[in-house]
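Following: one structure in structure tokens, then a few remarks.
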Amino acid sequence: MATGNNANIGFEKQIWDAACVLWGHIPAAEYRKVIVGLIFLRYISSAFEKRYQELVAEGDGFEDDRDAYAEDNIFFVPEDARWSKIASNAHTPEIGTVIDDAMRAIEKENTTLKNVLPKNYASPDLDKRVLGDVVDLFTNMDMGDTEESKDLLGRTYEYCIQQFAAYEGVKGGEFYTPASIVKTIVAILKPFKNCRVYDPCCGSGGMFVQSAKFIQAHSGKRGEIAVYGQESNADTWKMAKMNMAIRGIDADFGPYQADTFFNDLHKTLKADFIMANPPFNLSNWGQEKLKDDVRWKYGTPPAGNANYAWIQHMIHHLAPNGKIGLVLANGALSSQSSGEGEIRKNIIQADLVEGIVALPTQLFYSVTIPVTLWFITKNKKQKGKTLFIDARKMGYMVDRKHRDFTDDDIQKLADTFTAFQEGTLEDVKGFCAVADLQEIEKQDFILTPGRYVGIEEVEDDGEPFEEKMTRLTSELSEMFAKSHELEDEIRKKLGAIGYEV
């Protein structure tokens with residue numbers, strides 16, 4: 001999106017605020033489908049309309065030829081499903097049925113969207129007056145430049161997904177990984193064009209969006225990555241399919257939602273980059289039926305925690321020079337229970353762990369436990385060495401509950417990795433350190449960054465020790481005196497109403 005285009009600033013929030021009027025009429029999960037479905041319908045209709053006018057102008061009679069749209073990765077939109085019809089029916093009682101019929105017609109024309117689009121607009125629970133107002137908002141958008149509107153609607157989609165994550169709490173984390181975490185993983189991994197990117201628990205597809213943006217920003221094109229994903233939740237799988245379609249990213253998410261452990265839809269895939277935010281500490285993941293699985297090269301993961309099942313599944317799918325960036329709960333760094341310590345030791349001794357980044361708390365909307373980024377690489381540049389970063393003090397508080405990284409924070413982390421890979425990084429106490437396999441072995445193969453980076457050195461403020469201690473003890477004495485005064489006051493108040501302490 002071009003900077004300075006004031007017509008577009010705040011559009012995401014405008015859509016969200018308008019949509020919030022629907023809140024309370026329908027359950028959150030249904031509500032989510034209503035909004036993201038409209039964003040999707042508006043975009044593909046606009047992209048189709050632009051290409052349709054171009055084909056009419058060319059005068060060769062191809063405007064109704066499906067192939068003329070498919071070759072540009074544009075969905076064919078039949079006449080009854082075009083936005084002009086939806087807009088003209090916005091304030092009729094039938095608007096819900098018109099939208100549902102449009103969704104069905106688009107699915108019929110485009111087999112990749114079969115059973116993907118929401119069809120809940122005719123529901124009696126949905127206020128048709130408000131639905132018409134939301135349709136008007138989309139109608140009044142300037143959609144002349146579909147490349148720009150692709151980004152605008154993509155951003156709107158992402159903004160709404162982010163808001164749903166915040167509103168839905170714990171369940172929100174199932175489909176949305178905070179953008180700052182995704183951007184950090186992508187900035188460190190640096191996916192290149194013509195690569196294969198895979199996410200075995202892809203949620204709404206945020207990792208792929210950022211990868212495509214990264215490549216586009218570095219003189220590539222959005223479509224120059226091959227995207228593979230899998231998702232076990234049906235609604236989230238549909239959201240991911242729509243998200244990719246809006247962004248113009250051709251993605252293979254399999255023909256349906258499926259459990260990655262039991263039904264690996266990409267069995268033969270060897271990916272150049274794997275990026276993932278798997279469910280933390282997932283229990284009851286089905287270990288007893290998968291004990292002899294070929295993926296458990298470094299040890300069978302325990303039945304009560306899938307963390308090392310996810311790690312090994314990803315390693316199994318790595319190309320010979322492949323890289324992984326994933327988010328895990330901190331327990332995976334040090335756990336020794338149920339064989340996890342032995343699996344971690346085997347992975348470390350195979351020289352696969354390139355870097356570990358301890359993240360600050362409150363980056364997630366839904367999770368309060370501390371988490372870490374793991375970077376696992378085949379054929380590391382720095383053989384036998386691992387980079388540890390303690391980023392727990394980085395970022396800023398957006399509000400009382402939520403922290404975020406700035407672009408400078410993300411760049412600092414990416415630059416630290418680059419310097420490490422080039423052999424030019426110097427340890428910074430309290431922030432980063434490079435350790436070899438022998439040092440990690442001395443720490444019992446525990447990967448907690450604090451063990452390696454140490455404590456940040458505090459600058460000497462120039463105040464002599466004796467003077468500082470005299471000042472501090474004097475201040476403490478004053479605080480003690482004040483606390484005694486307050487204690488006496490409380491005793492008197494309680495005594496006055498018949499309670500002695």
Next item on the list: Applying side-chain hydrogen bond (donor to acceptor under 3.5 Å, both in side chains), run through E439 and Q443 and close with a yes or a no.
Entry: CA-CA 7 Å; E439 290 173 77; Q443 295 289 344; over 6 Å; no
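- By the 4.0 Å N-to-carboxylate-O rule, R51 lies close enough to E54 to be salt-bridged with it.
- With sequence neighbours excluded, no residue satisfies ring-ring contact (aromatic ring centres under 6.0 Å, His included) with F262.
- For residues 264-273, the pairs satisfying side chain to side chain donor-acceptor pair (under 3.5 Å) are R196-D272, D264-H317, with sequence neighbours left out.
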Notebook entry, point to check: Run the side chain to side chain contact (heavy atoms under 4.5 Å, CB included) check on V327 and F280 step by step: do they pass?
Noted result: CA-CA 9 Å; V327 191; F280 299 151; 3.9 Å; yes
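- Between S338 and N305 the shortest side-chain heavy-atom distance does not fall below 4.5 Å.
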Margin query: Between E109 and R66, does the salt bridge (Lys or Arg N to Asp or Glu O under 4.0 Å) criterion hold? Intermediate values first, please.
Written below: CA-CA 9 Å; E109 283 287 346; R66 272 73 172 153; 2.7 Å; yes
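- Here K412 does not pair with D415 in a salt bridge; the nearest charged N to carboxylate O distance is not below 4.0 Å.
- For F405, there are no ring-ring contact (aromatic ring centres under 6.0 Å, His included) partners two or more places apart in sequence or in a different chain.
- Scanning for side chain to side chain donor-acceptor pair (under 3.5 Å) contacts around W83 gives T139, with sequence neighbours left out.
- Residues passing the side chain to side chain donor-acceptor pair (under 3.5 Å) test with T448, sequence neighbours excluded: none.
- Aromatic ring orientation, F261 versus H313: perpendicular (interplanar angle above 60°, classes split at 30° and 60°).
- When only modelled atom types and interatomic distance are considered, K114 and N110 share no side-chain donor-acceptor pair under 3.5 Å.
- Defined by atom type and a distance below 3.5 Å, a donor-acceptor pair is present between the side-chain atoms of S180 and D404.
- Listed by chain and residue number, F48 satisfy the ring-ring contact (aromatic ring centres under 6.0 Å, His included) test with Y52 (two or more places apart in sequence, or in another chain).
- Taking a cutoff of 4.0 Å between a charged side-chain nitrogen and a carboxylate oxygen, K380 and D351 qualify as a salt bridge.
- Each of V186, V182, I188 was evaluated against T184; a single residue qualifies, I188, per the side chain to side chain contact (heavy atoms under 4.5 Å, CB included) test.
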